[in-house]
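First comes the structure, then the notes that go with it.
Here is how names work: the chains are called A, B, and so on, in the same order as the sequence lines, proteins then strands, and each is numbered from 1. Atoms considered below: every heavy atom in the structure, side chains included; atoms not considered: hydrogens, waters and symmetry mates. Just so we're clear, the structure is a prediction, and the values are computed from it rather than from any experiment.
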Amino acid sequence: MLVKGKKNMAENIITIRENLVGGNKTLSKVTDDVLGVMERKPTKLWWFGFIIALTALGTGFIAVVYQVRTGIGTWGLNKTVGWAFDITNFVFWVGIGHAGTLISAILFLFRQKWRTSINRSAEAMTIFAVMCAGIFPLIHMGRPWLAHWALPYPNFRGPLWVNFRSPLAWDVFAISTYLIISAVFWYIGMIPDLATVRDRVTNKFKKFIFNFLSLGWDGSSRTWHRYETVYGLLAGLATPLVVSVHTIVSFDFATSSIPGWHTTTFPPYFVSGAVFSGFAMVLTLMLIARKTLKLEDYITRKHVDNMTKVIILTGGIVTLSYATEFFMAWYSGNGYEQFVFINRALGPFAWAYWIMLSINLIVPQFFWFKKLRRNLIIVFILSLFINVGMWFERFVIIVTSLHRDFLPSSWAMYKPSIIEIGTLVGSFGLFFTLFLLFIRFMPMISIGEIKSVLHYKGSHGGKK
Amino acid sequence: MDLNVNLDKKPVLSENVEKWLMGFIFVGLVILVGGLFLTPERIWSNILLNGIFLTALGFCGIMFVAIHYVANSGWDVVIRRVPEAMFKILPFGFAFMIAIAIGVGYLYEWSHPEVMQNDLLLKGKIAWLNPTAFSIRMVLYFVFWIIVGKKIISHSLKQDKTGDVRHSVLNQRWSAFFLYIGGIFFVGSSFDWIMSLEPHWFSTIFGMYNFSGMFTSGLAVMIILLVYLRKRGIFGKFLKDDHLFELGRYLFAFTTFWGYIWFCQHMLIWYANIPEETVYYIKRNIGVYTSLMVLNVCLNWVFPFVILLFKKTKRDGKFLVIASLFVIAGRWTDLYLMIFPSKYKTPVFGVIEIGMFLGAIALFLLIFFKAFSKSAPIPKKDPFLEESKALHT
């Protein structure tokens, strides 16, 4: 990569810019490669994964039915620790849901062309993750069939009305808006590709479905023009939403006066934590998809490299936030605040704290080295670690702040019940089931966009 | 493309303008020295304000350069010499802040041992809040920023001669190093220099809050300088509306980011309503300060947001300059609101504030133009120059 001496400028560019698609593809080869995944019969590996995911989903289903019938007394909560596993999972999944729209909207506005290979599946991941997140507060309501009460609409329930002062009500709006916009964004982005599928399938039923879904796309330049305008506008709208969702999730904690929860840095800290964990999950999924679907030419080492760099940045912000919180607890001179942080590090949940800290602080540091960034097996393992570390972060924040009350006689411990663990397993089941169905039935790489970056390397004013 | 611009040294300040700038600096100095005898506390507050303002401009300059190296970005090459020259004000910011370290007693309650000993809360903070530690940290921050910043710029300048792409690659590494450590130091400096003016009060987001203000003001200054230099024909055809558009988008995004951080801090403190924290905003919600609070949000976010919402205005130098002027005024107001209410129950404003701020700006411009005219106005052998010239938005 290092080139010494005087060189032609255009040649120099080529040494720094890497191509985004490998293997000298032609335009039609791209279509064949991407749609081939859908047109072929699913591999054994796919079936294997799908059955595991379905089993997990089934487990979760049983757990949910049981707890809805019996009540949330089946959880390990007590009067001191009233939020624990469910909210941890909720925040975890919302966090995972961040990377998708960040990649598709914010990187789009930044004109980061490398997003084209991964944006579609990252967006799908976002939608599925937000769906998984939604399950937990829904069940926590105890009477999920009355969930619509969380929406403000004219009703006959007398003075019963949504409490707009509660950040939990803001959550309802933030997350449902995010889900809707992300889904619309994902779908709109898919229309040109759906039309390509429509033109290729021979099966009448499939033709009908894709004909319907592609909304009469004709590929004319006028259609493309309108499409691009809408896409840009949606990207602009989705960008503040990406930030707002986790900001409002952080408000659930930070607006309270509970030590360890109330701190002003929570909003940006949560957002970067969410991007951190979201990118780790994208890496996990993309590295699996790349290998099993043979998409090595599309999801290249360059993409992985870029994503790990985002992880260094967001992981750094997360670590800085840990440090700031710890420092400020001491600096504030507030005994309760100091107690919470010492208790986190040395108390009964210290094991969770040290898992969180060691993973989230140390793992991103490996990505400073190019050799490690480009070693996909290592990246895959590290991405799994980050997923675990970020789950523990939420667990630590939620449980350790609650389990030591202001009143020592209320001090309690928390242990998840088998039902709660079953629900978590179920949410993973739902996530992977939906994702596996998605890569089977929809074009998982944006064909239209990837074609525009086929000759990326030489398209910057340099020689081709 | 022919290089239809003189890429070699070019003086960009006429002697007349230089005289005016010197005049402003002189007036600022006179006010400073005279004021030190009459109202020392007010002068020290102003030195702090302007010191932080200038430091932020220098920091923003080098941070802007570093971000684009790290991101492997190409579009910014044409304009890079401007933030590089902005960096040159950082040592002067250092000088201002050294002065603060010397006059620490006028500004910071915690610099008096007897106060610290008799206050239960402050007693616990002695390890952090004492003049020695304060000065050591300050020197550490500046030495790191200046040394690493110089390294990055020297590579960029060397590339002008050799055209070796290795400089870009090395700078990428230096820039990552700078951003990671320098960013942490910036957060630390905000806690040290501003937050500790009210040593009882604390807010974990404060570093990021000051960071957003630093970035917006730096961008605003960069935009004004670019529009001016372009008018003078310094960049020839190299600098296009497209480059301004990118900067306009930056300014739009980061003024909104400022608004976001401002809201987070204010809302969370207001909502939780804990006396140790609300005290900060209570001081700033009395009398004239209340209107300044409103003005602050308008200047830093509402006005630039409305102006820059449109594609046309983000490409138009005139609108960009107007928005930038609001942002610079907003930065001053923001710093004023961070510093002055800790000393004055009602706002003080007059010749001292105006004179010293104008003096600081004149100093910045003088240093900037001197630095800018020393090297070629664009990095003529950067490997991404072609890409930057070809920028089309």
Side-chain angles (χ1 to χ4, degrees), chain A residues 1-7 9-17 109-112 165 167 239-240 243-244 247 250-251 254-258 261-269 306 309 312-313 316-317 319-321 323-325 327-334 338 368 459-463, chain B residues 1 70-72 74-75 120-125 127-129 162-166 168-169 176 179-180 183-184 187 191 200-209 249 253 256-257 260-261 263-269 271-274 276-277 381-391 393:
Chain A
M1 169 150 183
L2 293 182
V3 176
K4 253 191 143 176
K6 287 181 189 177
K7 284 266 172 184
M9 280 181 200
E11 273 174 46
N12 276 347
I13 290 176
I14 290 167
T15 59
I16 295 181
R17 292 265 182 252
L109 295 181
F110 280 165
R111 303 204 188 89
Q112 293 298 307
R165 284 185 228 170
T239 299
V243 178
S244 82
T247 297
S250 81
F251 285 168
T255 51
S256 72
S257 54
I258 294 176
W261 280 10
H262 173 72
T263 184
T264 46
T265 198
F266 253 32
Y269 157 39
N306 283 345
K309 283 179 186 164
I312 298 179
L313 169 70
I317 298 176
T319 310
L320 179 61
S321 303
T324 310
E325 269 192 309
F327 168 75
M328 216 52 92
W330 170 77
Y331 181 90
S332 70
N334 180 334
Q338 290 168 354
W368 284 105
S459 63
H460 295 270
K463 281 183 205 161
Chain B
M1 192 192 285
V70 167
N72 215 7
W75 73 270
L120 196 65
L121 269 176
L122 294 186
K123 215 173 168 179
K125 306 186 189 190
W128 185 266
L129 294 181
T162 62
D164 191 345
V165 76
R166 188 182 280 264
S168 297
V169 177
L179 290 174
Y180 208 83
I184 294 172
V187 169
F191 292 155
H200 295 95
W201 184 76
F202 53 89
S203 167
T204 42
I205 206 174
F206 198 82
M208 204 165 294
Y209 178 63
R249 281 158 38 108
T256 304
F257 179 71
Y260 165 69
I261 300 287
F263 174 77
C264 287
Q265 175 169 294
H266 193 282
M267 197 281 276
L268 286 176
I269 287 176
Y271 197 111
N273 205 10
I274 300 171
E276 288 105 318
E277 296 181 358
K381 286 187 179 165
D382 190 286
F384 289 130
L385 182 60
E386 294 295 319
E387 203 176 303
S388 186
K389 282 196 293 190
L391 178 71
T393 51

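Ranked by non-hydrogen atom pairs under 4.5 Å with chain A, the options B/Ile205, B/Leu391, B/Ile261, B/Leu122 are led by B/Ile205. Across A/Gly333, A/Ser256, A/Pro268, A/Pro167, the residue that shares the most heavy-atom pairs under 4.5 angstrom with chain B is A/Pro268. Residue with the most contacts toward chain B among A/Thr255, A/Asn334, A/Thr324: A/Thr255 (heavy-atom pairs, distance under 4.5 Å). Contact count versus chain B (heavy atoms, under 4.5 Å) is highest, among A/Ile317, A/Thr247, A/Thr239, A/Leu313, for A/Thr247. For the set A/Ser250, A/Ala323, A/Pro267, A/Pro240, the entry with the most heavy-atom pairs within less than 4.5 Å of chain B is A/Pro267. If you tally non-hydrogen atom pairs under 4.5 Å between each of B/Arg249, B/Met208, B/Glu276, B/Glu277 and chain A, the highest count goes to B/Arg249.
Here the side chains of B/Phe384 and B/Asn72 are in contact, with some heavy-atom distance below 4.5 Å. Looking at B/Ile274 and A/His262, their side chains come closer than 4.5 Å, going by heavy atoms from C-beta outward. B/Leu268 is listed as a side-chain neighbour of A/Phe251, based on a closest heavy-atom distance under 4.5 Å.
Listed by chain and residue number, A/Trp368 satisfy the ring-ring contact (aromatic ring centres under 6.0 Å, His included) test with B/Tyr180 (two or more places apart in sequence, or in another chain). Residues forming a salt bridge (charged side-chain N to carboxylate O under 4.0 Å, His left out) with A/Lys309 (at least two apart in sequence, or on another chain): A/Asp305.
Counting all heavy atoms, side chain and backbone alike, B/Gly124 lies closest to A/Trp330 at O-CZ2, 3.2 Å.
Rounding to the nearest 0.5 angstrom, the gap separating the CZ atom in A/Phe266 from the CH2 atom in A/Trp261 is 9.0 Å. Here the OH-CZ distance, from B/Tyr209 to B/Phe257, works out to 12.0 Å after rounding to the nearest 0.5 Å.
Only the side chain of B/Tyr260 comes within contact range of chain A, with heavy atoms under 4.5 Å apart. Contacts between B/Leu129 and chain A at a heavy-atom distance below 4.5 Å involve the side chain alone, from C-beta outward. Both the backbone and the side chain of B/Ala176 come within less than 4.5 Å of a heavy atom of chain A. For A/Ser332, the parts sitting under 4.5 Å from any heavy atom of chain B are the backbone and the side chain alike. In this structure, chain A has a heavy atom under 4.5 Å from the side chain of B/Phe263, while its backbone stays farther away. Heavy-atom distances place no part of B/Trp75 under 4.5 Å from chain A, backbone and side chain included. Interface remark: A/Phe327 contributes side-chain atoms only to the contact with chain B (heavy atom separation under 4.5 Å). Of the two parts of A/Ile312, the backbone and the side chain both hold a non-hydrogen atom closer than 4.5 Å to a non-hydrogen atom of chain B.
Counting only N and O atoms by type, the side chains of B/Ser203 and B/Gln265 include a donor and acceptor under 3.5 Å apart.
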